[in-house]
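Please read the structure below before turning to the comments.
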Amino acid sequence: MNESENISARYHLPGLFEFYELYRVFLPLFRTHREYFYDWCEIGSIYGAPADCLWGGGRVGSGNCDPRAALRLAQEYGVSARLTFSNSLLREEHLSDRKCNALCRLFSESGGPQNGVIVHSDLLLNYLKKQYPALYFVSSTTKVLMDFQQFRQELARGDFLYVVPDFRLNRAFGQLNALPGAQKAKVEFLCNECCWFGCKDRKACYEAVSRKNLGEPGPEHRCAAPDADGGYRFSKAMTNPGFIGVNDIRNVYLPMGFSHFKIEGRSLGSALILEFLLYYMTKPEYQLRVREEIYLENTLDLF
């Protein structure tokens, strides 16, 4: 028997707060019409951050739904909820932020699946471990772990349940396959990154976002990537050397013992998030049906 038949892909989806209305329609569909979707995949978590969170990073948060509603939705469908608090420039005085602490308290005290926090700063990690021990922690891709030895060291840390490497390690198959099983279980691959594979400014880009979330002045980051003005295009992401597609997951990563896959897209529109859900989770013969079910929900603004 193919080893991939014994292991499911667990997707970590973007926009818990940003795309609440989309998931409010999609999650019931995923439950009640499971035949529409690949039987080898599940939803591992939905991640995100409300607008105006000092601890936010990676992207400037834009979610404006009630955090309690977002958490209730995740709990109702048995999905782990994650807070994206990957700001890389936090200082001691930022740890007392009332809004971010209230969110962590809410998520740590809820029933159902264990909830988590995606972190960059060790300062924040150590604080959260003491204050909210019921949460689990994910090492953020904003650390830009491109050196495989550094990545292995991060995997060896007991602080993290999952570690998201830089997408440029996605196809380091020889080194990835040599990882022990316990470390393979902690790897969470970023599948659909559109960033230029040759980018040398990724850390600077994330730091610029961290400054914005802190409301601090600093230089604007100017992306030097070819075709940067074109914005995110899924078709372009698919040509990225680090792209992980459905066939890669099914035929390469699952048989190797990897099961966690992160889909990016918090700063994109809900119509594009739907395309990710169709591509990664939905059987081709049912994609139109799922799209119609979503579009016919007349309270949902997909654009």
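Each residue takes its place number in the sequence, starting with 1.
- For K99, there are no salt bridge (Lys or Arg N to Asp or Glu O under 4.0 Å) partners at least two apart in sequence or on another chain.
- Classified by interplanar angle (parallel below 30°, tilted 30° to 60°, perpendicular above 60°), the ring pair Y253/F261 is perpendicular.
- Relative orientation of the W40 and Y38 rings is parallel, given thresholds of 30° and 60° on the angle between their planes.
- Electrostatic pairing of R266 and E18 counts as a salt bridge here, judged by a charged N lying under 4.0 Å from a carboxylate O.
- Using a 4.0 Å cut-off between a side-chain N of Lys or Arg and a carboxylate O of Asp or Glu, E76 and R31 do not qualify as a salt bridge.
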Checklist entry - side chain to side chain contact (heavy atoms under 4.5 Å, CB included) between L13 and Y23: does it pass, once the steps are laid out? => result CA-CA 10 Å; L13 304 176; Y23 290 120; 3.4 Å; yes
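- Residues L179 and L155 meet the side-chain proximity criterion, which asks for heavy atoms closer than 4.5 Å.
- Every salt bridge (Lys or Arg N to Asp or Glu O under 4.0 Å) that R171 has, sequence neighbours left out, goes to D248.
- Between F243 and Y279, the two ring planes are tilted [angle within 30° to 60°].
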Checklist entry - Run the side chain to side chain contact (heavy atoms under 4.5 Å, CB included) check on F160 and V138 step by step: do they pass? => result CA-CA 5 Å; F160 298 117; V138 181; 5.8 Å; no
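- We find that R168 and E193 are not joined by a salt bridge, their nearest charged nitrogen and carboxylate oxygen being 4.0 Å or further apart.
- Here E285 does not pair with K283 in a salt bridge; the nearest charged N to carboxylate O distance is not below 4.0 Å.
- No donor-acceptor distance shorter than 3.5 angstrom exists from the side chain of N115 to the backbone of R82, with no hydrogens or angles considered.
- In summary, R289 and E292 do not engage in a salt bridge, as defined by a charged side-chain N under 4.0 Å from a carboxylate O.
- Between H260 and Y162, the ring planes are tilted. Angles from 30° to 60° get that label.
- With Y47 as the aromatic partner, K262 meets the cation-pi criteria of under 6.0 angstrom to the ring centre and within 45 degrees of the ring axis.
- Under the 4.0 Å criterion applied to side-chain N and carboxylate O atoms, D122 and K129 are not assigned as salt-bridge partners.
- Relative ring orientation between Y280 and F234 is described as tilted, the plane-to-plane angle lying within the 30° to 60° band.
- When only modelled atom types and interatomic distance are considered, K184 and N177 share a side-chain donor-acceptor pair under 3.5 Å.
- No hydrogens or angles considered: nothing links the side chains of T282 and Q287 as a donor-acceptor pair under 3.5 Å.
- Taking the six-membered ring where tryptophan is involved, the planes of Y36 and H33 are essentially parallel, since the angle between them stays under 30° and well short of 60°.
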Next on the checklist: The test is salt bridge (charged side-chain N to carboxylate O under 4.0 Å, His left out); show your working for E275 and R291 and say whether it passes.
Outcome noted: CA-CA 9 Å; E275 293 304 312; R291 187 181 284 110; 3.2 Å; yes
Next on the checklist: Apply ring pair (Phe, Tyr, Trp, His ring centres under 6.0 Å) to residues F37 and F26 and explain how you reach the verdict.
Outcome noted: CA-CA 12 Å; F37 304 95; F26 180 78; 5.5 Å; yes
